[in-house]
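Residue numbers start from 1 in every chain, and the chains themselves are labelled A, B, ... in the order their sequence lines are given, proteins ahead of strands. Bear in mind the structure is a predicted one, so any value in this text is a computation, not a measurement.
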Protein chains: 2
Amino acid sequence: MNKDSISRAVVKRLPRYHRYLGELMESGVERISSGDLSQRMNVTASQIRQDLNNFGGFGQQGYGYNVEYLYTEIGKILGVDKKHGMIVIGAGNLGQAIANYTNFEKRGFVVKGLFDKNEALFGKKVREIEVLPMTQLKEFIADNNIEIAALTLPKHEAVKVAEEIVGYGIKAIWNFAHTDLQLPKEIVIENVHLSESLMRLSYNLTRNNR
Amino acid sequence: MNKDSISRAVVKRLPRYHRYLGELMESGVERISSGDLSQRMNVTASQIRQDLNNFGGFGQQGYGYNVEYLYTEIGKILGVDKKHGMIVIGAGNLGQAIANYTNFEKRGFVVKGLFDKNEALFGKKVREIEVLPMTQLKEFIADNNIEIAALTLPKHEAVKVAEEIVGYGIKAIWNFAHTDLQLPKEIVIENVHLSESLMRLSYNLTRNNR
DNA sequence: AAAACATTGTTTAATTTTTGACAAATATAT
DNA sequence: ATATATTTGTCAAAAATTAAACAATGTTTT
């Protein structure tokens, strides 16, 4: 009744608070009020205060919030204070982009392996990460404490691979395939459906200008 | 009062309906009821009916919805019945992935140009699309009827480039940079913040299993 | 040290979104 | 041709989300 009472809408906003606080830190800002932050983020101050209060009182009356402290606390809530082992399955451009993106690593998401079924790619390296054959998935996941798998492959393969790796103990799937995965409910699924994003853009483009 | 009365939540769901209807079409299904679709999509039938009715009555009592007709109509609403000229700015892995992804083209989003500031990439081709220098942006946008720009570059560059191309007549920005763009309100902005997506995953991973 | 000011945490109200219910309309079966 | 079953579109109720209001509390100024 505690952890599950946090609404999805709130969780959706947390990373954005984290990002803004990180930027404030970089700019050397030490404290900020909900009112000030609300203006920068283009949301209401009330929403900020209420969102934060789902997790505890991080501020102080008359003062506001300590930027660094709040950043750290939200980081803990989001779980970016811990390291998370990750693999990328599908070593196309998108898979490589993710493996290459060092910013994820800064937040504790460490890409340890990159997999593909295409032999031509085996041995190719992205940063220090070598492309491995799918046959090594099981062993690799077990040996390297992998929690998260990013699936950057065509939808039909994604469905099969997802079921396979769930059997190997994967806990969360970052799904870039254009399909919904049907998996046991204890598996965390986060979808990135780029087509849908582009269609929303298209909708707004179509409606805005006519 | 008509076009703007459609809630954001509804718009967010439309592409998913479109996807499911497309898959039904491929499987040769000709008609479907809201109840049947609701089970497949894991939403309520009521929501489907109400969402669709924002745009008109597409179904028939006692029969349901004609799959192909509904697919087409939602496509029109989303604006995927028309072609949209698009460029990708930032020819890294992510930019190349988008330029490569032929599925977007099927829905009318035609990538006509790929831009980068890195000379080493000039002339490199992704499919038929050549990497061009940023200095040609203005002319290219004007000459090729470009509406949409996907920004796949670091945040500080993204901010600058966004402001620049808005001056060249770009109507919509598909923003992959980890920052919010501050642009005139008539410019459509669709953000794809992968870091935030990954943090939401992390949140659920952290909370679910403890 | 006192007064004035700022700002949170929290309660209450307003708004939005989702769900449930059902009459009206159509399709299918007999 | 009639009766039965299905299913929409829409209205009303319920739930969730967002915004406003404000007392309590700490900060800053004088």
**Fill in**
Atom CG of B:N53 and atom P of D:dC11 are separated, to the nearest Å, by 10 Å

**Request:** Figure out the CD1/C1' separation between A:I48 and C:dT7, and round it to whole Å.
**Result:** 13 Å

**Fill in**
Walking DNA chain D from its 5' end, the first of A:G62 and B:G35 to be reached, judged by nearest nucleotide, is B:G35

**Request:** Let me know, please, whether A:T44 or B:G57 comes out on the 5' side of the other along DNA chain D by nearest nucleotide.
**Result:** B:G57

Per the atom types in the model, does the base of [N] pair as donor or acceptor with the side chain of [X] at under 3.5 Å?
X     : N      : result
A:S46 : D:dA20 : yes
B:Q61 : C:dA27 : no
A:Q50 : C:dT11 : yes

**Item:** ring pair (Phe, Tyr, Trp, His ring centres under 6.0 Å) partners for B:Y17, two or more places apart
**Value:** none

**Prompt:** More 5' along DNA chain C: B:R31 or B:V10, using each one's nearest nucleotide?
**Reply:** B:V10

**Prompt:** Do A:K76 and A:E73 sit within salt-bridge range, that is, some charged N less than 4.0 Å from a carboxylate O?
**Reply:** yes

**Prompt:** Are B:K112 and B:E105 close enough for a salt bridge, meaning some N to O gap below 4.0 Å?
**Reply:** no

**Item:** A:Y20 and B:D180: side chain donor to acceptor below 3.5 Å
**Value:** yes

